[in-house]
S.K.: 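Have a look at the structure that comes next, please.
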Amino acid sequence: MRIGDALARIDPSAELFLVGGVVRDLVLGAPASHDLDLATSARPRQTERALKAVGGKVFNLGEKFGTIGAVFDSEGTRTVVEITTYRAEAYEPGSRKPAVAFGRSLADDLARRDFTINAIAQDPRSGELIDPFDGQLDLQRGVVRAVGSAPERFQEDPLRLLRGVRFASRLGFQIESVTARAIIESASALATISRERVRDELERTLLGPAPARGIALLCELGLAEFSLPDVPRLRGTEQEPGYGRHKDVFSHTLQVLDRTPPRLALRWAALLHDIAKPATKRVERGKVTFHGHDRKGERMARHILADLHQPSELIDRVGRLVGLHLRANAYEGLWTDSAVRRFVLEVGDDLIEDLLALSRADVTTGRVERRAAIARSVAELEARIRELRTQEDFARIASPLDGLDLMQLFERGPGPWIQPIKDQLKEMVIEGELAAGDKEAAAPIARALYAELGLDDRQPRSGATPL
Ligand code: ATP
Ligand code: MG
């Protein structure tokens, strides 16, 4: 390993070990990651020199915390290396950030790690594994177990509560019982860490290969109460009979979540699409309804994501998906081309793909024919949008004459008279009566509208006295 050689030239006594995810994945026989974490006895300054000496583009992850990162690009693949000086953190429970003291040995460093499966080190030269907490055994058994005293580890850094769930869901592991009990007992400590850290960790779980299992674990272990409190409230809200017996909104939501492709806004929308069902449930003459759960759900989703300090674009995207999630399922083969155009315009060209994916995933009814019928109709809507797209550009659907054109045409300044004409012309484009961008055909129509709508209100009305 070249970094090791470079480091040895700077400090012959320096130790360097692979740690964390790379070693875990190697033991599991998972494909090699391009994210390498290493631990060293060398000081950050020395590490930085070694990384630069072998051609790494160095970025500083906070020298204070002892981590130096570097990017290596070769033959189209990018490897990110992060080297951290042995840690012996002095955590103060409840503090926002750990105070880091540099430790003296690999043993100290491994003892500071969160789970046994993440506390295995490998000597990059000999390949030898250093595994003081039997992480290999836990990998074999499929168990997530805290290093050392579980309650202490979670109090030190409550983010580990969520990390445990992430590893269990991603690897399909069980959380060992002492660790699980400590998670349940420490759950409220989640409220003491920044919403950004919670958000980022939740996102990793949501984008993983088994998001439903992650969310189910969060609820079982009481962590959802302190990160996504509206989600466990979906439990016990029964769906209409068509969704299959004993299926509540919670299990439906989890199914939808696992059925969506791993795109961030889409996964959030899947998790939150029915979030307002408990609040809107009514039983009328034996029939269950959730009127308005889409609109109320949009408001709730926006609140939930804002509480997690999500960026506004994501909040907006997820909010719109939740608000619109019933729309594609209302499609009937009878829609005219203009109805399809109107649908795309309302949803937004940028959101349509996610909305259709959500609609496809949302069909979890146990009734096979019904499921097939809805799936067919969503596929048909998709095909018709694709077909229209080959003939026209949805982004260009607008009045052929813009405000400036109209001001020139009528030799008039800006004012409220413009909008009604533009609206009418756009309407005609949607209806297919006027081609997008056809200014020539639009001009006489604009004149007729101008007269018809009585927009020329500049002349004094008869009988009115100007003074
Ligand atoms: P991934 O494949 O998701 O990157 P990882 O195990 O490499 O998994 P990282 O977040 O990259 O996870 O962290 C690298 C290593 O650092 C972990 O394996 C663990 O040993 C240690 N670590 C990270 N965060 C914490 C924490 N909050 N508390 C204790 N140890 C941690
Ligand atoms: Mg990693």
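This structure is a prediction, so every number in the text was calculated from the model and none was measured. Note that these values count all heavy atoms, side chains included, but never hydrogens, waters or copies made by symmetry. Whatever order the structure lists ligands and atoms in, that order sets their numbers, starting from 1.
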S.K.: Establish, for the pair Lys277 and Phe290, whether the NZ or CZ atom is under 6.0 angstrom from the six-membered ring centre and no further than 45 degrees off its axis.
M.R.: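 The answer is yes, since Lys277 meets both limits relative to Phe290.
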S.K.: Please say which of Leu321, Leu305, Val322 ends up in a side-chain contact (heavy atoms from CB on, under 4.5 Å) with Trp268.
M.R.: Leu305
S.K.: At what distance, to the nearest 0.5 angstrom, does CD1 of Ile184 lie from CG of Leu223?
M.R.: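 The distance works out to 8.5 Å.
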S.K.: Once you round to the nearest 0.5 Å, how far does CG of Leu356 lie from CD of Glu382?
M.R.: 5.0 Å
S.K.: Which is closest to atom 1 (P) of ligand 1 in terms of heavy atoms, Arg204, Arg170, Arg197?
M.R.: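 The nearest heavy atom belongs to Arg170.
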S.K.: Name the option, out of Glu156, Arg112, Arg163, Arg113, that contains the heavy atom nearest to atom 13 (O) of ligand 1.
M.R.: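 Heavy atom nearest to atom 13 (O) of ligand 1 belongs to Arg163.
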S.K.: Does the side chain of Asp362 pick up a donor-acceptor pair with the side chain of His252 at under 3.5 Å?
M.R.: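 Indeed, the side chains of Asp362 and His252 share at least one donor-acceptor pair under 3.5 Å.
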S.K.: Counting each atom of ligand 1 from 1 as listed, which ones have a heavy atom of Asp157 under 4.0 Å away?
M.R.: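 Heavy-atom distances to Asp157 below 4.0 Å select 26 (C), 27 (N).
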S.K.: If you count the atoms of ligand 1 from 1 in the order shown, which ones are under 4.0 Å from a heavy atom of Gly20?
M.R.: 18 (O)
S.K.: Could Arg235 and Phe250 be counted as a cation-pi pair, given that NZ or CZ must be under 6.0 Å from the ring centre and within 45° of the axis?
M.R.: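 Yes - Arg235 lies over the ring of Phe250, closer than 6.0 Å to its centre and within 45° of its axis.
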S.K.: With atoms numbered from 1 as shown, which atoms in ligand 1 lie under 4.0 angstrom from a non-hydrogen atom of Gly21?
M.R.: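 Taking each heavy atom of Gly21 in turn, ligand 1 has 5 (P), 6 (O), 7 (O), 18 (O) under 4.0 Å.
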S.K.: For Asp37, is the nearest heavy atom under 4.0 Å from an atom of ligand 1?
M.R.: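 The answer is yes: ligand 1 sits under 4.0 Å from a heavy atom of Asp37.
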S.K.: Report the part of Phe167 (side chain from C-beta onward, or backbone N, CA, C, O) that has a heavy atom under 4.0 Å from ligand 1; answer both or neither where that applies.
M.R.: side chain
S.K.: With backbone taken as N, CA, C and O and side chain as the heavy atoms from C-beta onward, which portion of Asp114 lies under 4.0 Å from ligand 1: side chain, backbone, both, or neither?
M.R.: both
